[in-house]
Amino acid sequence: MNETRWDRLLLNANLATFAGDAPYGLVEHGAIALHHGRIAWVGRMDTLPDAPDALAAVVESLDGALVTPALVDCHTHLVFGGDRAHEFELRLNGASYEQIAHAGGGIASSVNATRAASEEQLFAQSLPRAQALLADGVTTLEIKSGYGLELETERRMLRVARRLGRELGISVRTSFLGLHALPPEFRDRRGDYVSLVCDAMLPALAAEGLVDAVDAFCEGIGFNREETRRVFERAKQLGLPVKLHAEQLSDQGGAALVAEYRGLSADHLEHLSEAGIEAMASAGTVAVLLPGAFYALRETKLPPVAALREQRVPIAIATDCNPGTSPLLSLRLAAGMACTLFRLTPEEALRGVTANAARALGLHDRGTLAAGQRADLVAWNVRQPAELCYWIGGGLARRVYVAGELVSRRKPSRRSPSAS
Ligand code: DI6
Ligand code: FE
């Protein structure tokens, strides 16, 4: 056997590479070679340097299936105890998210359920959620803490996040979200809680290798700019990148603050101002839009997509998977909602769950199909990229590869849904 042969060669694919200038970076009648966990070659089949069998140990035809980079979900709160279906009912009866939070529900009720759950229970409850995302094409997943609000439970959440990555064989990036809500035991002692987060919790969890980035909820019902700045300063000292829940329910100037720290992303952004956009544009901070929360809260104020485009701020889309405002288990559906609700083009939405989502996590080795990138990719049961945003529901991911290895496989459907 020829030692220099590629591990695997996929033929007859419609490749949405998100590299190059063509719409979607599309390469029709394409081939893609995987070797040692990386993409070794991408291009049109008729430009392959030799006969397929001479080039690779395993050769497979995809019969014209669409292949994309595997999806990257860059904002989730996927690890939590319990659920909040009851609050869903309350909201349908007219209660607002903020009213429920003020009455002791909301994030606080998930904090109680999460504190009460053992590590094993938290893992068992979170695993099916991560599996659902994976089955729908996600192989890189950000997971935040923030339902513990004390050291032990925050640690437990982050350990569960790491374990999900290990056991599912996917990439998990963790964010410490100590400033998510004020824990009830610190009522009237806000400053003390912020000090605890900055001086004890964050340094301890960072030292244990559990923190890849630092996030906060900068909002009227969350933390103000000065409190957020304190945790950002500590993150900076520890050499950790920052990101922020900003301008979700009101304009707090959070986007400009996170841009000042050259943050990875500012997320939500329905109430983002022109000044916030400019600050993000000059800092290279990614705008992460979360249509699941917009939908579930029945918001009406749209994020300023046209202005973000104009200022060339990269846009990413994520599920925000969480028990309160976005119990969403499909990133592909989030991309579709970004089109329908926020008027992104399907190409923008799909870049938003691949290349730009990777950038929002500070990862430069994934999110496009190009030689040298990680071989994280999905072969879909559709032919055209726009179909990934167009179909609502349905398990469309045929095969999911992580670092060149098949991790999830569904029966190939002979036809795309459009042909049936
Ligand atoms: N914004 C969100 O979308 C989630 N957290 C946040 O700061 C919601 C969290 C929850 O309601 O449980
Ligand atoms: Fe969130």
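Indexing begins at 1, ligand by ligand and atom by atom, following the structure's order. Please read these numbers as outputs of a predicted model, since none were measured by experiment.
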Donor-acceptor contacts under 3.5 Å from residues 279-301 side chains, at least two apart:
unit_1: Ser282; atom_1: OG; unit_2: Glu278; atom_2: O; d: 3.2
unit_1: Ser282; atom_1: OG; unit_2: Ala279; atom_2: O; d: 3.4
unit_1: Thr285; atom_1: OG1; unit_2: Gly263; atom_2: O; d: 2.9

| Residue pair His180 / Lys144, side-chain heavy-atom distance below 4.5 Å | no
_Distance under 4.0 Å, heavy atoms only, partner ligand 1: which residues pass?_
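Around ligand 1, where the cutoff is 4.0 Å for heavy atoms, the contacting residues are His77, Arg84, Tyr97, Ile107, Tyr147, His180, Phe217, His245, Gln248, His268, Asp320, Asn322, Gly324, Thr325.
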So does [X] pair up with [Y], basic N to acidic O under 4.0 Å?
X	Y	result
Glu226	Arg229	yes
Arg351	Glu347	yes
Asp212	Arg162	yes

Worksheet item: Using a distance threshold of 2.8 Å, what protein N/O/S atoms lie below it relative to the Fe ion (ligand 2)?
Response: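 Atoms qualifying: His75 NE2, His77 NE2, His245 NE2, Asp320 OD1.
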- Which of these passes salt bridge (charged side-chain N to carboxylate O under 4.0 Å, His left out) with Glu119: Arg159, Arg156, Arg155?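 Going through the options one by one, the only one that passes is Arg159.
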**OP:** Check whether the side chains of His245 and Asp215 place a donor and an acceptor atom closer than 3.5 Å, and report yes or no.
**Re:** yes
* Asked: Per the side chain to side chain contact (heavy atoms under 4.5 Å, CB included) rule, which among Val305, Asn356, Ile277 passes with Val313?
  ->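 Single pass found, and it is Ile277.
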Sequence neighbours excluded, the answer for side-chain contact (heavy atoms from CB on, under 4.5 Å) partners of His364 is none
